Amino acid sequence: MNVFLIFMSAILVNNFVLQRFLGICPFLGVSKKIDTAVGMSLAVIFVMVLASVITWLLNGVLVLMGLGFLKTIVFILVIASLVQFVEIFLKKVSPGLYEALGIFLPLITTNCAILGLALLNIQNNYGLLETIFHALGAGFGFGLALILFAGIREQMEFADIPKPFKGLSGALITAGILSMAFVGFSGMIKL
Amino acid sequence: MIFINSILVLGALGLVFGTFLAFAAKKFEVKEDPRLTKIMEALPGVNCGACGYPGCEAFAKAIIKGEAPVDGCLPGKRQGVPEKIKEIMSE
């Protein structure tokens, strides 16, 4: 299977946020400013790629030992450790970003997009290379959705919108419209 | 057999990741103001939020910046916490 197709389909056609509806929590939480959205996207891409590679290798070991039923808990362990590492690293390297991401940084642990990605890699019987590209695509897709949404929300701050639609309610409606726009990509790539 | 294997695999993985995180925490240790730890020790540490800050750590940081009053901690007021903080800040 063509890795480029997997990559593009994870970004556009099967976008994790806008098509699979995974990882909505940080999507709504960190999309107020483009700067934090970019930082969050980079953190998610890093965790997604590393977590996918490690979980793919571990799944092989688990299946060999006949312990396939342990995969969910092992995957969560891997993801939680990686997120902890990102947190320690960011606190040292970029305290500003660390403060801005706040509670949403440790919450990547429970971001269903990452566990979903790890499980999808296994379900689709991807090889290691395909897994890496799928993870990259999923990460960039998450980033694309988050940054697009943050850009729209920044503009909405200045727009004259009716009071009931200000803030989160307007953001939710915008997210729905953005998701509908991405439906236009569906069926472009058949995997 | 599966029982023991599961325990071994999960235990080994936990050990590996735990050690890795412990080393990472040491390597990327953030040097914090020594007064911060001292003030944190002096505070009751219940994270009640009565001072108006989210948790004792945020309150301690605000004291060091000079934004919060030393007697801002309500539960610790009668236990001599403001005096302790004053002492730490004057060192």
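Quick caveat, the model's predicted, so the values are computed rather than measured. Order of the sequence lines fixes the chain letters, A, B, ..., with proteins taken first and strands second; residue numbering starts at 1 for each chain.
Neither the backbone nor the side chain of A:Val93 has a heavy atom closer than 4.5 Å to any heavy atom of chain B.
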Taking donor and acceptor roles from the modelled atom types, list the N and O pairs under 3.5 Å across chain B and chain A.
unit_1: B:Glu29; atom_1: O; unit_2: A:Lys92; atom_2: NZ; d: 3.1

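Rounded to the nearest 0.5 Å, atoms CZ (B:Phe28) and CD1 (A:Ile88) are 9.0 Å apart. The CG atom of A:Leu28 lies 6.0 Å from the CG atom of A:Leu168; values are rounded to the nearest 0.5 Å. If you take CG on A:Leu82 and CZ on A:Phe89, they are separated by 13.0 Å, rounding to the nearest 0.5 Å.
The two residues A:Ile108 and A:Ile79 make their nearest non-hydrogen contact at O-CG2, 4.4 Å.
Aromatic ring centres of A:Phe185 and A:Phe182: separated by under 6.0 Å.
Residues A:Leu136 and A:Phe140 have side chains in contact (heavy-atom distance under 4.5 Å, counting atoms from C-beta outward).
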